[in-house]
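Here is the structure we will look at, set down as structure tokens.
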Number of protein chains: 2
Amino acid sequence: MATIREVARRAGVAPSSVTRVLSGHPNVSEGLRAKVLAAVEEIGYRPDLLAAGLRRGSSHTVGVIVSDIINPLLAEMVDALDVKLRDKGYSVLLANSHGDPKRDVESVHLLRQRRTDGLIVMVVDETQPELKEALRDLPIPVVLLDRQVEGADSASAVLSDHARGTRELTLQLLDAGHERLALLSGLQGTTYPGRERTRGFISALAERGVPLRPRAIRDARATPEAGQRLTAELLDDDEPPTAIVVGPNPMLVGVLRELHRRKLRVGRDLALACLDDVPIAALHQPPITALARDVREMAHTAATLLLDRLTGVSRFPRTVVLPTEVRRRASSAPLPLQVED
Amino acid sequence: MATIREVARRAGVAPSSVTRVLSGHPNVSEGLRAKVLAAVEEIGYRPDLLAAGLRRGSSHTVGVIVSDIINPLLAEMVDALDVKLRDKGYSVLLANSHGDPKRDVESVHLLRQRRTDGLIVMVVDETQPELKEALRDLPIPVVLLDRQVEGADSASAVLSDHARGTRELTLQLLDAGHERLALLSGLQGTTYPGRERTRGFISALAERGVPLRPRAIRDARATPEAGQRLTAELLDDDEPPTAIVVGPNPMLVGVLRELHRRKLRVGRDLALACLDDVPIAALHQPPITALARDVREMAHTAATLLLDRLTGVSRFPRTVVLPTEVRRRASSAPLPLQVED
DNA sequence: TTGAAAGCGCTAACAA
DNA sequence: TTGTTAGCGCTTTCAA
């Protein structure tokens, strides 16, 4: 790989002049610029970004920590972040936690060691002390994306109003006559969406004076397998729920598997809703009621908050809360289900 | 951020000794090791990976170019690659092409500039001259993942036998009485899977002596929108197909949308099959016949091929072809469809 | 407007 | 076994 010295030699100038031309320095003569660009072209020179980053102290790179890239919502988030950041000259360094909180923490350190200029954080478990500590010590701007980390006061955040949306969706189920409601959630308390959804669910019940039945809220890792297992547990109860609200979208696949296995018809034998809108929700027959949010807008906002701090436009952390929207579909049919259709 | 010099000063040793301890150099006394580790612990030192990479000439990083991270199959591929490579001490630098061939080429250059030690390539369009050129000039090992690039003789490859699988799946449809078959494919000729699927489809027709009708094979960008549009075109034909074979899995979503919109029942009004198995295929009612392959095995093989070259275990490129498997489900019902229940 | 020189933080060659 | 020294490729003073 060609170096800047070779370009300089070929153009008959100093290495520093090559840098000036390539970085758009204002005081450069046309003649020098032309000579340098010709030489660059000739030998196909491309600067070594490690060396440049080392010298500059920053790598023009943004670290993105994502709990699980297989989650289609998160994949879209990463895609949108990447498009926006690349457009502004930053590369994305992706750190996938693969559902493992230990990797959350490792990733913070790793990205720091790679001198990323900023961090966008969608961790598995935001409550880990090691994570809080690692984030607190970072000298670079951080944006939490649908996460809330205690003590990370210097971090910006982009949040969805899960509580409000979940409350509304739950109220609709209650007003349709359902009383035996169940909520499937990710591991209790580990992330902001999980806590907020639970809060919204409970407040809807309270609002209508419907008692929260024991074991009505069940949590597990956000996987299809866990979703299937929890559904089986619910249905094996003496008094199975008439409506299931599924939080994390990966669980929805498992829930549907179990319902199909038992030949239970969604929207007839049982009402169903998901707190994330993913393609299968709308495509399912019957379509499944879901709480939607604009993932690309969230990503754009997060990228903008980060870029503003990287470029010095803004010096202080900000928190932005974005709305959610109930998409009512056939799966959340009213009671009594059996007389429907 | 602490540097190696501070650690050295604190431990009362030379910086090179710190390196030796941390990199597990054999000839290091117990006393020195203890002193260094204590100092490292004390100030929470973590090496700057840019500096180390610059000095070493390699970054312990593998670049992964992926055509579209939103594709669930590719997301799983990236996840599996990441798990395997991280386990061996390499970080993954993800470059998402977002469906844009221009970004394929940019990414090759960018990853090269970041001194990745190797590349795993799942580009949008493998036929671009700029891409071929960029790959040919790379001084690092490359593994093509379900891609075949002309002239990239020094690259290894992991391929699925799409042709064989597609042929088998198509034969099953033909033998079930379907004659008016259509194939939806990604942009013609741009990737190995697209070409191989078309080849398999055509050879199955030839084998049964069924003529290939004009416009029976339609191609477009591999998106839900394109899938929906092509489906609409097919169904508006004078002689619409009785069975549709969908290649790229993102198209399947669009196909289903259009079928639902027209109130056409899969497996009754029309047979359907997809050449990738994704969760919605199995979850759909009725379940959709699909061609499956072991994505995680493909990723593992690719990672292993790359690691073998990075660690010097192997010096030559290898090509591995992995099998596909027809998962026959209710969507590929036999003709005449209308009498079936 | 341009060049010379220093140094980012690390590791490897060489010397002791 | 350990320390000294040089230098990876770049950018940024500083001086001319």
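Below, read A as the first sequence line, B as the second, and so on, with proteins coming before strands; counting in each chain starts at 1. Keep in mind that the numbers below use all heavy atoms, side chains included, and drop hydrogens, waters and symmetry copies. A quick note: this is a predicted structure, and the numbers were derived from the prediction, not measured.
Side chain of A/A52, nearest nucleotide from D/dT2, C/dG9, D/dC10: D/dC10. For A/R115, the listed nucleotide lying nearest its side chain is C/dG9; candidates were C/dA4, D/dG3, C/dG9. Distance from the side chain of B/V13 is smallest for D/dG3 among the nucleotides D/dG3, C/dG9, D/dT13. Of all nucleotides listed (D/dG3, C/dG9, C/dT11), C/dG9 comes nearest to the side chain of B/A51. With C/dT11, D/dG3, C/dT2 as the candidates, the nucleotide lying closest to the side chain of B/I4 is C/dT11. Checked against C/dG3, D/dT2, C/dC10, the side chain of A/A14 finds its nearest nucleotide in C/dG3. In this structure, of D/dT12, C/dC10, D/dG3, it is D/dT12 that holds the atom nearest to the side chain of A/R55.
For the OP1/OP2 pair of D/dC10 and a distance below 4.0 Å, the side-chain nitrogens and oxygens of A/S16 include no atom meeting the criterion. OP1 or OP2 of D/dG3 sits under 4.0 Å from a side-chain N or O of B/S17.
Comparing A/P15 and B/P15 along DNA chain C, the residue whose closest nucleotide (by nearest heavy atom) sits nearer the 5' end is A/P15. Each of A/M1 and A/R56 lies near DNA chain D, and the nucleotide nearest A/M1 is the one positioned closer to the 5' end. Ranked by how close their nearest DNA chain D nucleotide is to the 5' end, B/E30 and B/L54 are led by B/E30.
Residue-level contact check: A/L49 touches neither bases nor backbone, having no heavy atom under 4.0 Å from any strand. Residue A/D48 is classed as a sugar-phosphate contact, given heavy-atom separations below 4.0 Å to backbone atoms only. The residue A/T19 sits close to a base: some heavy atom pair falls under 4.0 Å. Across all strands shown, B/S29 has heavy atoms under 4.0 Å from sugar-phosphate atoms exclusively, and none from any base.
Looking at B/R114 and A/S59, their side chains never bring a donor and an acceptor atom within 3.5 Å of each other. Side-chain contact, B/K35 with B/S17: no donor N or O sits under 3.5 Å from an acceptor N or O. Defined by atom type and a distance below 3.5 Å, a donor-acceptor pair is missing between the side-chain atoms of A/D117 and A/H60.
Rounding to the nearest 0.5 angstrom, the gap separating the CG atom in A/N96 from the CD1 atom in A/I70 is 7.5 Å.
Using a 4.0 Å cut-off between charged nitrogen and carboxylate oxygen, B/R296 and B/D79 count as a salt-bridge pair. Ion pairing between a basic and an acidic side chain is recognised when a charged N comes within 4.0 Å of a carboxylate O; A/R103 and B/D82 show such pairing.
Five base pairs at each end of the helix from C/dT1-D/dA16 to C/dA16-D/dT1 define two local axes, and these are offset by 40° (rounded to 10°).
To the nearest angstrom, P of C/dG9 lies 16 Å from CG of B/L22. Rounded to an integer number of Å, the gap from B/R9 CZ to C/dG9 P is 13 Å. Between the CZ atom of B/R5 and the P atom of D/dT4 there is a distance of 11 Å, rounded to whole Å. One can place NE2 of A/H25 at 9 Å from C1' of C/dT1, the figure rounded to the nearest angstrom. A straight line from CZ of B/R20 to P of C/dC10 spans 15 Å, rounded to a whole angstrom. Put simply, CZ on A/R46 is 17 Å from C1' on D/dC10, counting in whole angstrom units. The CG atom of A/N27 sits 17 Å away from the P atom of D/dC14 (whole-angstrom rounding). Computed from coordinates, the A/R114 CZ to C/dC10 C1' distance equals 14 Å when rounded to whole Å.
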- Test B/R86 against A/E106 for salt bridge (Lys or Arg N to Asp or Glu O under 4.0 Å), laying out the working first. CA-CA 11 Å; B/R86 212 196 257 222; A/E106 275 172 25; 3.4 Å; yes
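Of the possible polar contacts, one joining the B/D104 side chain to the B/D125 backbone as a donor-acceptor pair under 3.5 Å is found. Side-chain atoms of A/E150 never come within 3.5 Å of backbone atoms of A/K132 as a donor-acceptor pair (strictly under, hydrogens ignored).
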